[in-house]
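All values derive from a computational prediction rather than experimental measurement. The chains referred to below are lettered A, B, ... by the order of the sequence lines, with proteins before strands, and numbering in each begins at 1.
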2 protein chains.
Amino acid sequence: MTRWLDDEEQRIWRNFLATTQLVNERLDRQLQRDAGMPHTYYMILVALSEAPGRSMRMTDLAHRAQSSQSRLSHAVARLEERGWVRRAPCADDRRGNIAVLTDDGFAALAAAAPGHVEEVRQSLFDALTPAQLHTLDEICTAVRSKTVGGSS
Amino acid sequence: MTRWLDDEEQRIWRNFLATTQLVNERLDRQLQRDAGMPHTYYMILVALSEAPGRSMRMTDLAHRAQSSQSRLSHAVARLEERGWVRRAPCADDRRGNIAVLTDDGFAALAAAAPGHVEEVRQSLFDALTPAQLHTLDEICTAVRSKTVGGSS
DNA sequence: CTCGGAAATTTGAACTCTCAAGCAAAGATA
DNA sequence: TATCTTTGCTTGAGAGTTCAAATTTCCGAG
């Protein structure tokens with residue numbers, strides 16, 4: 001009673017897989033090469049840069065940057081070593097930690113952004129028509145809203 | 001002269017990113033949990049299982065399984081330790097190596113497949129209408145055919 | 001035949017990610 | 001106030017990925 005994929009579904013699935021992997025690899029490679037950081041770190045810096053005070057609680061930051069808490073914790077540790085982020089204790093909750101984007105971190109992000117955006121355009125947007133882009137948006141929303149939370 | 005993303009493009013980009021990451025995570029988690037292997041290993045086993053003689057040259061296998069040669073080499077080493085794949089020298093090219101799927105490897109794949117397919121359906125197909133699926137296919141093809149090879 | 005470059009593959013080190021534990025502080029309950 | 005549970009975050013170990021540097025073999029030009 002397994003709902004196997006037929007040939008056409010298989011083809012589409014593999015097409016999808018190859019595509020998303022391609023985009024991811026290009027993104028990661030560009031950032032690593034030109035800015036010396038993986039895409040996940042870039043997302044963390046972006047999230048911080050958009051937060052009020054360029055700072056955020058670790059848990060909130062994890063959600064914003066689409067990261068697990070453990071991953072974020074490790075990543076922030078590395079970013080702290082580079083002087084791009086620093087940690088500060090949270091005033092109203094002594095368990096909490098706040099990650100703050102430093103000026104150096106902001107500068108690193110600003111330096112990395114143009115090359116990254118260009119890669120995003122070349123890897124995705126430039127290949128699509130406005131109509132395709134619109135449908136892609138709908139597709140992503142549909143996939144995400146389906147079974148967002150699984151029982152653990 | 002950076003071609004920045006406007007607000008709408010930003011939103012779509014992040015939607016896309018979150019979606020592909022979600023699908024990937026679900027895939028990886030399901031396989032790791034239920035079959036004890038990451039998705040990349042699964043793809044290698046699938047590629048081998050579909051090859052004549054259930055065997056393939058390393059380089060061909062790397063292409064088929066969307067892997068770098070280095071990654072494949074490491075992966076096959078691990079798969080060999082589990083007895084799921086073995087290496088054989090290549091007859092007509094002494095540099096070459098052939099990866100062969102063992103019976104145990106085939107059995108492991110067969111055991112993993114149903115759960116994986118179900119996850120694929122739940123994570124992607126079930127959320128989409130036939131029209132969306134068709135467009136998704138076109139989108140992926142468009143993205144992949146655009147700038148397939150970059151100058152290195 | 002010989003030399004030099006290209007191709008096939010592996011290896012090692014550095015790095016990131018995941019998972020399972022492990023603390024410490026906060027909240028709830030009695 | 002004395003637990004008990006939950007929340008926030010970190011830590012360590014194990015595993016996979018990447019990049020650059022070998023290694024071995026093949027191929028073509030002299």
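Side-chain polar atoms of B/Ser123 and B/Arg26 form a donor-acceptor pair below 3.5 angstrom. Side chains of B/Asp34 and B/Gln30: a donor-acceptor N/O pair is present below 3.5 angstrom, by distance only. Under the 3.5 Å distance criterion, with hydrogens and angles disregarded, no donor-acceptor pair is assigned to the side chains of B/Thr20 and A/Asn24. Between the side chains of B/Asn97 and B/Arg57, no donor-acceptor pair of N or O atoms lies under 3.5 Å.
Between B/Arg3 and A/Val117 the shortest side-chain heavy-atom distance does not fall below 4.5 Å. Between A/Ile12 and A/Glu8, some side-chain heavy-atom pair lies under the 4.5 Å cut-off. Using a 4.5 Å heavy-atom threshold, the side chains of A/Leu5 and B/Phe125 count as touching.
Nucleotide D/dT18 holds its C1' atom 17 Å from the NE2 atom of A/His39, rounded to whole Å. Atoms CD1 (A/Ile98) and P (D/dG8) sit 13 Å apart, rounded to a whole Å. If you take CG of B/Leu72 and P of D/dG16, they are 14 Å apart, rounded to a whole angstrom. In this entry the distance linking CG of B/Leu61 with C1' of C/dT9 reads 13 Å, nearest Å. Rounded to an integer number of Å, the gap from CG of B/Asn97 to C1' of C/dT11 is 14 Å. A straight line from CG of B/Leu27 to C1' of C/dC17 spans 17 Å, rounded to a whole angstrom.
Cation-pi contact between B/Arg78 and B/Tyr41: absent, since separation from the ring centre below 6.0 Å together with deviation from the ring axis within 45° is not met.
Atom CD of residue B/Gln66 and atom CG of residue B/Leu72 lie 12.5 Å apart, to the nearest 0.5 angstrom.
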Provide a list of protein-nucleic acid N or O atom pairs under 3.5 angstrom, restricted to nucleotides 18-20 of chain C.
| unit_1 | atom_1 | unit_2 | atom_2 | d |
| --- | --- | --- | --- | --- |
| C/dT18 | OP1 | A/Arg71 | NH1 | 3.2 |
| C/dT18 | OP2 | A/Arg71 | NH1 | 3.1 |
| C/dT18 | O4 | A/His74 | NE2 | 3.3 |
| C/dC19 | OP1 | B/Arg29 | NH1 | 3.3 |
| C/dC19 | OP2 | B/Arg29 | NH1 | 3.0 |
| C/dC19 | N4 | A/Ser70 | OG | 2.5 |

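Minimum interatomic distance between A/Cys140 and B/Phe16 (heavy atoms only, all atoms of both residues): SG-CA, 3.6 Å.
Within residues 40-58 of chain B, the residues that place at least one heavy atom under 4.0 Å from DNA chain D are, in residue-number order, B/Thr40, B/Tyr41. Within residues 76-94 of chain A, the residues having any heavy atom under 4.0 Å from DNA chain D are, by residue number, A/Arg87.
Formation of a donor-acceptor pair under 3.5 Å by the B/Gln69 side chain with backbone atoms of B/Met58 is not found in this model.
Below the 3.5 angstrom threshold, one finds a donor paired with an acceptor across the side chain of B/Arg95 and the base of C/dA7.
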